[in-house]
Colleague: 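I'd like to ask some things about the structure below.
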Amino acid sequence: MEKQYETVIGLEVHVELATKTKIFCACSTAFGGEPNTHTCPVCTGMPGALPVLNRQVVEYAAAVGMALNCRIAQECRFDRKNYFYPDNPQNYQISQLYLPICRDGYVEIQVQGDERMKTITKKIRIHEIHMEEDAGKLIHDEWGDCSLVDYNRSGVPLIEIVSEPDMRSAQEVIAYLEELRLIIRYLGASDCRLQEGSMRADVNLSVREAGQEAFGTRTEMKNLNSFSAISHAIAGERQRQIDLLEAGEQVVQETRRWDDEKKESFPMRSKEDAQDYRYFPDPDLAMVSMDQEWLEKIREGQPELPSQKRKRYRKEFDIPVYDIQILTGSRRMAEIFEETVALGAQPKKVSNWLMVETMRILKEKEMEPEHIGFSPAHLTKLIKMTEERVINSSVAKEVFETMFESDIDPEQYVEEKGLKTVNDEGALRKTVGEIIAANPKSVEDYRGGKEKAIGFLVGQTMKAMRGKADPAAVNSLLKELLQSGNNG
């Protein structure tokens, strides 16, 4: 009988925090910039330069910990992790090993189960969250002659979220990362842009025979920064380890680099343990103490989180679960939805405008929902004008595109551009009659049983009316005249 294997996965997720300055100095954290222009003696490791902790980093770390159901330590400490690497100017990284700021949390994820594809909820435990500084960035020239170092990123504040080995598939890993990213974005603690490196994941993976309790030997794949790369890396490393075990060989504990173009991983170094880094408390930084009153202020300032919104939407709004997932997938999208509904618009109609037209334009313009500029008041007006047939659906889409660009008042825009639906029945009947007379072939087709022929006649009428007729009224009048044999 062929052996069955189970994959065991834990993640270390690094998130750059959205502070304006670095963790231990006043240098800018802005992405980009000319190399080595966002630097100073502290973040380039100059002798005698002393670090000063950024209070906002601690606040963001505590807020994320609370949102991830962690226990927040009222006292925590920074340690030095000692190693040499060209992008590490001090030859040590300031991190937290012994007393991290957060421990013992969890995130609930939803994944598709095996039984009739039923959605199941699974709890992924979080071992700890700690604060640390980022390293610089190595830039390798295209000819391979040399490597250069840009220290702009050195000292940018990070939190590292360390999960327990609770995930069993790439599907669960992606669901966990998506939920983490969503929660952190709701908090405003980071933009979590994988393509810019502000969210990166290290995948710790092992395999074991199904039913076995003991873990296998794990490997770590570093700094994966796209969901597709993570999925490919998990599939590739799982198969590599299974092939080794099937051949009677052992898996070596090591750090590996995933090459997403070649779809294979390569060994980087043997996996270090904590003692290899000679951790010791940083002598230049005092113990971080947080009183209960300060922590309570952070807790009180927490927004309604995605999971809470999803539960509330299911109770309050008569919209499908799929709509709820999309609407709560961005804090900005959820805010627009709720404010528009509060102004009197019907929830499903608001959802349709956001899920269809808004998402279409965002995709075309490669924009994030956070950059939506139109106001809920104007969206409410547009929905009302469509409901009352002041404008038809095609005009409404035209108005919405302009509103998306510059947040115009739709009522004023429609008035100025003369886009109101023509409700003059006499004018409409005259135009429809002219279209019937001008298109005898389509009329013959329709009367001969080709129902689709009326679509052409509707289109021609709308064109003659410059899009300002009600398509339903045009369709109804065409059928009336065609069936009566009268051309108006």
Colleague: Could you give me the CA-CA distance, side-chain angles and deciding distance for Asn54 and Thr21, then say whether side chain to side chain contact (heavy atoms under 4.5 Å, CB included) is met?
Modeller: CA-CA 8 Å; Asn54 184 335; Thr21 57; 3.2 Å; yes
Colleague: So which heavy atom on Lys22 is nearest to which on Gly155, and how close?
Modeller: CB-O, 3.1 Å
Colleague: What pairs with Leu194 under side chain to side chain contact (heavy atoms under 4.5 Å, CB included), at least two apart in sequence or on another chain?
Modeller: Arg181, Met199, Phe227
Colleague: With salt bridge (Lys or Arg N to Asp or Glu O under 4.0 Å) as the test, would you mind laying out the steps for Arg77 and Asp79 before giving the verdict?
Modeller: CA-CA 7 Å; Arg77 189 180 71 197; Asp79 307 294; 3.5 Å; yes
Colleague: Side chains of Glu128 and Cys102: closer than 4.5 Å at any heavy-atom pair?
Modeller: no
Colleague: Any carboxylate oxygen within less than 4.0 angstrom of a Lys/Arg side-chain nitrogen, looking at Arg208 and Glu213?
Modeller: no
Colleague: Supply the atom-to-atom distance Met221 CE to Ile234 CD1, rounded to the nearest 0.5 angstrom.
Modeller: 6.5 Å
Colleague: Do you know which two heavy atoms are closest between Val350 and Ala345, and how far apart they sit?
Modeller: CG2-CB, 3.4 Å
Colleague: Taking the basic N atoms (NZ, or NE/NH1/NH2) and the acidic carboxylate oxygens, is any pair closer than 4.0 Å for Arg153 and Asp134?
Modeller: yes
Colleague: So with a 6.0 Å cut-off around CG of Asp243, is the heavy-atom count from everything else above 12?
Modeller: yes
Colleague: Is Glu368 paired with Arg185 through a side-chain N to carboxylate O contact shorter than 4.0 Å?
Modeller: yes
Colleague: With no hydrogens and no angle check, do the side chains of Gln253 and Thr217 hold a donor and an acceptor under 3.5 Å apart?
Modeller: no
Colleague: In Å and rounded to the nearest 0.5 Å, what is the CD to CD distance from Glu220 to Glu254?
Modeller: 11.0 Å
Colleague: Do NZ/NE/NH1/NH2 and the carboxylate oxygens of Glu304 and Lys309 come within less than 4.0 Å?
Modeller: yes
Colleague: Tell me whether Glu293 at atom CD has more than 12 heavy atoms from other residues, nucleotides or ligands lying less than 6.0 Å away.
Modeller: no
Colleague: Do Leu97 and Lys81 make a side-chain contact, defined as non-hydrogen atoms from C-beta onward lying under 4.5 Å apart?
Modeller: no
Colleague: Indicate the atoms forming the closest heavy-atom contact of Thr19 with Pro157, along with that distance.
Modeller: OG1-CG, 3.2 Å
Colleague: Check whether the side chains of Ser95 and Glu132 place a donor and an acceptor atom closer than 3.5 Å, and report yes or no.
Modeller: yes
Colleague: Taking the six-membered ring for Trp, are the ring centroids of Phe337 and Phe317 within less than 6.0 Å of each other?
Modeller: yes
Colleague: How far does OG1 of Thr29 sit from CG of Asn152, to the nearest 0.5 angstrom?
Modeller: 10.5 Å
Colleague: Minimum heavy-atom separation for Val64 and Leu187, please, with both atom names.
Modeller: CA-CD1, 3.7 Å
Colleague: Is it true that atom NZ of Lys20 has more than 12 heavy atoms of other residues, nucleotides or ligands lying nearer than 6.0 Å?
Modeller: no
Colleague: Do Trp258 and Val203 have side chains that get closer than 4.5 Å, going by heavy atoms?
Modeller: no
Colleague: Tell me, yes or no, whether the heavy-atom count around Arg314 atom CZ, taken from other residues, nucleotides or ligands under 6.0 Å, exceeds 12.
Modeller: yes
Colleague: Rounded to the nearest 0.5 Å, what separates atom NZ in Lys222 from atom CZ in Arg256?
Modeller: 14.5 Å
Colleague: Begin from the C-alpha positions of Glu12 and Asn204 and carry the test side chain to side chain donor-acceptor pair (under 3.5 Å) through to its verdict.
Modeller: CA-CA 8 Å; Glu12 297 166 17; Asn204 291 280; 3.2 Å; yes
Colleague: Mind listing the closest non-hydrogen atom pair of Ala62 and Ile72 along with its distance?
Modeller: O-CD1, 3.8 Å
Colleague: Is there a donor-acceptor contact under 3.5 Å linking the side chains of Arg278 and Asn82?
Modeller: no
Colleague: Is there a side-chain contact between Ile23 and Ile94 (heavy atoms, below 4.5 Å)?
Modeller: no
Colleague: Please report the C-alpha distance between Asp284 and Arg80 in whole Å, then the side-chain angles of each, then the deciding distance to 0.1 Å, and finally whether the side chain to side chain contact (heavy atoms under 4.5 Å, CB included) criterion is met.
Modeller: CA-CA 10 Å; Asp284 293 333; Arg80 289 189 182 179; 3.0 Å; yes
Colleague: Answer yes or no: is there a side-chain heavy-atom contact under 4.5 Å between Asp409 and His378?
Modeller: yes
Colleague: Any donor and acceptor pair, going by atom type alone, linking the side chain of Arg332 with main-chain N or O of Glu370 inside 3.5 Å?
Modeller: no
Colleague: Is it true that Glu300 and Lys297 make a salt bridge, defined as a side-chain N closer than 4.0 Å to a carboxylate O?
Modeller: no
Colleague: May I have the step-by-step check of side chain to side chain donor-acceptor pair (under 3.5 Å) for Ser198 and Arg193, ending in yes or no?
Modeller: CA-CA 5 Å; Ser198 57; Arg193 289 191 179 126; over 6 Å; no
Colleague: Ignoring hydrogens and geometry, is there a side-chain-to-backbone donor-acceptor pair from Lys137 to Val149 under 3.5 Å?
Modeller: no
Colleague: Would you say Gln93 and Asn88 are linked by a side-chain donor-acceptor pair, where the criterion is simply a distance under 3.5 Å?
Modeller: no
Colleague: Could you walk me through whether Thr121 and Glu108 pass the side chain to side chain donor-acceptor pair (under 3.5 Å) check?
Modeller: CA-CA 7 Å; Thr121 300; Glu108 287 189 345; 5.7 Å; no
Colleague: Do the side chains of Lys3 and Glu246 get close enough for a salt bridge, i.e. N-O under 4.0 angstrom?
Modeller: no
Colleague: Please answer whether the main-chain N or O of Pro376 pairs with a side-chain N or O of Thr380 as donor and acceptor at a distance below 3.5 Å.
Modeller: yes
Colleague: Side chain to side chain contact (heavy atoms under 4.5 Å, CB included) between Ile101 and Met290: does it pass, once the steps are laid out?
Modeller: CA-CA 10 Å; Ile101 187 169; Met290 297 167 280; 3.9 Å; yes
Colleague: Less than 4.0 angstrom from a charged side-chain N to a carboxylate O is my criterion; do Arg310 and Glu179 meet it?
Modeller: yes
Colleague: Can you confirm whether Lys348 sits close enough to Pro320 that some side-chain heavy atom of one is under 4.5 Å from a side-chain heavy atom of the other?
Modeller: yes
Colleague: Atom CD of residue position Glu296 - does it have more than 12 heavy atoms of other residues, nucleotides or ligands inside 6.0 Å?
Modeller: yes
Colleague: Can you tell me if Gln241 uses its side chain to pair, donor with acceptor, with the backbone of Leu205 under 3.5 Å?
Modeller: yes
Colleague: Calculate, to the nearest 0.5 Å, the distance between atoms CZ and CD1 belonging to Arg71 and Ile126 respectively.
Modeller: 13.5 Å
Colleague: Rounded to the nearest 0.5 Å, what separates atom OG in Ser163 from atom OH in Tyr176?
Modeller: 5.0 Å
Colleague: Compare every heavy atom of Val251 with every heavy atom of Thr219, then report the nearest pair and how far apart it is.
Modeller: CG2-CG1, 4.1 Å
Colleague: Yes or no on side chain to side chain contact (heavy atoms under 4.5 Å, CB included) for Lys315 and Arg312, after CA distance, side-chain angles and deciding distance?
Modeller: CA-CA 5 Å; Lys315 288 181 180 179; Arg312 180 167 65 83; 5.7 Å; no
Colleague: Can you confirm whether Leu354 sits close enough to Met333 that some side-chain heavy atom of one is under 4.5 Å from a side-chain heavy atom of the other?
Modeller: yes
Colleague: So, does Thr358 use its side chain to make a donor-acceptor pair with the main chain of Met355 at under 3.5 Å?
Modeller: no
Colleague: Between Gln212 and Tyr5, is any side-chain donor less than 3.5 angstrom from a side-chain acceptor?
Modeller: no
Colleague: I'd like to know if the side chain of Glu405 reaches the main chain of Thr402, judged simply by a donor and an acceptor atom lying under 3.5 Å from each other, with no hydrogens or angles considered.
Modeller: no
Colleague: Would you mind reporting whether Phe266 and Glu264 have side-chain heavy atoms less than 4.5 Å apart?
Modeller: yes
Colleague: So that I can tick it off, tell me whether Glu401 and Arg360 are bridged by a salt bridge, with the cut-off set at under 4.0 angstrom between side-chain N and carboxylate O.
Modeller: yes
Colleague: Below 6.0 angstrom between ring centroids: does that apply to Phe24 and Phe78?
Modeller: yes
